[in-house]
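All chains are named by letter (A, B, ...) in the order of the sequence lines, taking the proteins before the strands, and each is independently numbered beginning at 1.
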Amino acid sequence: MHFREALSSSTTVTVTVRAFARYAEILGLETTTVELADPATVGDAVKRLRESIPNGHLLPDRPLVAVNSEHALAEAPLHDGDELALLPPLAGG
Amino acid sequence: MHFREALSSSTTVTVTVRAFARYAEILGLETTTVELADPATVGDAVKRLRESIPNGHLLPDRPLVAVNSEHALAEAPLHDGDELALLPPLAGG
Amino acid sequence: MQYVTRRPIDVHALLSQVADPALGGTAMFLGSVRRGEDDGPVDAIDYSAYQDMVETEFAKIVEEAAAQWPGVRVVGAHRIGLVPAGEPSIAVVAAAPHRAEAFAACRHTIEEAKKRLPVWKKEIFTDGTEAWRNNDQPERDAEPTPS
Amino acid sequence: MQYVTRRPIDVHALLSQVADPALGGTAMFLGSVRRGEDDGPVDAIDYSAYQDMVETEFAKIVEEAAAQWPGVRVVGAHRIGLVPAGEPSIAVVAAAPHRAEAFAACRHTIEEAKKRLPVWKKEIFTDGTEAWRNNDQPERDAEPTPS
C-alpha cells in the first residue's frame, strides 16, 4: 500500500498520521502528515509530533502505534506513504 | 414423598421400580413394584429383579440407580413407598 | 424454568433469563447432534430422560455453581425426543460480573450435567438402524439395540 | 463477514455462520456494557475503533485459532458507537468437533481480541459526564476526559 520503491531516491519520507480516541481529543485532529528525513523510524515521527503539534507533548514518549494496520515498535522504519496510527491503550470488549 | 413413618411397623417394604432407555427395552417394562423383607437395600431390589423378571439377568449386578430422584449406591436402604430408578450409563448432551 | 424441553432450544430465551447489567460476561455452550466423518450416517438422536430427577439434579448443579462463583447466574436446557443432526440438544448459559467466572461456571455446569443427569440417547442412522450410545464409548463402538 | 458493526450484535447470525453438523460443540462469549455496584452510574459506552486494523488483526487471530485447533471455526463481532448498559458490545463464537476445543478456542480468541484490537471506550454516566476507560484500569479510577 505504499510507494517505497518509486520514491526510494527521495531524501524525505512523508507519512500519514492517524490519531484515535483520546489521542485525537488531545491533539484536536484525527489525521495529519509529517515529513521526515530518510531513513526515519516510528520514534522519529512521534518525536516530531510531540514537538510540533499543539498539545503534542501530552502524548507518551512511546505510545502504542501501528504502521499500515500492524502493531509496530518505536524502532520500526517508516517509508514514504506509510500510515502511522497512534493508539491509546486498547479497551475493546 | 414416601410413607415410611406410617408403615414403620410393617415387615416388608414395597418400592416402585422404574426402568429407563435400554433397561426398559431389555426388561420390556417401564415400571413395576417389588416387595422386599424389611430392612432392604438397593442391592436386594436389584437382585430380586435380576432373578424374577424375564431378561432380568441382562441387568448389571450393580447398575447405576437413583432412589427418589437422588443418585444412590447398592448399599442404600430402601423404605416403603420409595421409587427406585434403574439408570443405564448416562448419555446426555 | 424447566430444563427439559421437547422443543428446539431457544437461545434468546436462555440469554434473557441471565441478562443483568451487573453481569458483564456471558458464556454459553451449545452441544449439537454431530454427524462428522467418524460418526457414521447419523440422521438424528432420540433423547429420553428421567425428567423429575433431571430437574432436581440440574437445580443442584446450578446451586453448586452459584456457591462456587458468587453472583453467577446459570441456566440450561436439554431437548429430548428426536433431535436432527446439526441441531442443539443441550445448552448451558452462565453470566458473571467478569468473563473468567462466566467461562468457568459454564464449563463446570456442562461437565456436571453430562456426568450426573439421567438422559439417554439412541442414534438413528440414515438406513433406519438405531443404537444406544454412551458418552464414554468410542464413536465406532456404539452398543447395538437388542432385537 | 465484518467484525466491526454499528448494529446490535446478532447472536443467531453468528451461530449460523459456524453451524456445521460435524462440529458438535459451540462455545460463545458475550461481553456486555456493565453497570454493577462498582461501576458507577454508567448509562452507555461509546466505542470507537481503527476499523481497517481491527478487521485485519481479527482475521489474524481467527487464523491462529484455526492453526492451533484444527477444524475449529471462529467468528466474532464488536459493536461500536453508543452501546447502552446491559447490551453486548463484543461476541466470539467457536464451533469444534468437541467441547474442549470449542471452549479453548473461544477463550483464546476473546483474550487476544481484548489485547490486540484497536478499540476504545468512553463511559457515559447518567449525569452526562464522560470518561475514557482502559481495560487494565481499576473500575473507580477511569481517566477523565480532558476538558
* Structure fact -> SG of C/C106 to CZ of D/R107, rounded to nearest 0.5 Å, is 11.5 Å

* chain C contact via D/A95 - side chain, backbone, both or neither, heavy atoms under 4.5 Å -> neither

* Are C/I110 and D/R99 close enough that some pair of their side-chain heavy atoms sits under 4.5 Å apart? -> yes

* Asked: Aromatic rings C/F103 and D/F103: how do their planes relate, parallel, tilted or perpendicular, breaks at 30° and 60°?
  -> perpendicular

* Contacting moiety of D/V33, where chain C heavy atoms sit under 4.5 Å -> backbone

* Relative to chain C, which segment of D/L15 carries a heavy atom at a distance below 4.5 Å: side chain, backbone, both, or neither? -> side chain

* Pick one of side chain, backbone, both or neither for C/A100, based on which atoms fall under 4.5 Å of a heavy atom in chain D. => both

* Can you tell me how far CG of D/L23 sits from CZ of C/R35, rounded to the nearest 0.5 angstrom? -> 12.5 Å

* Side chain, backbone, both or neither: which part of D/A19 has a heavy atom under 4.5 Å from chain C? -> neither

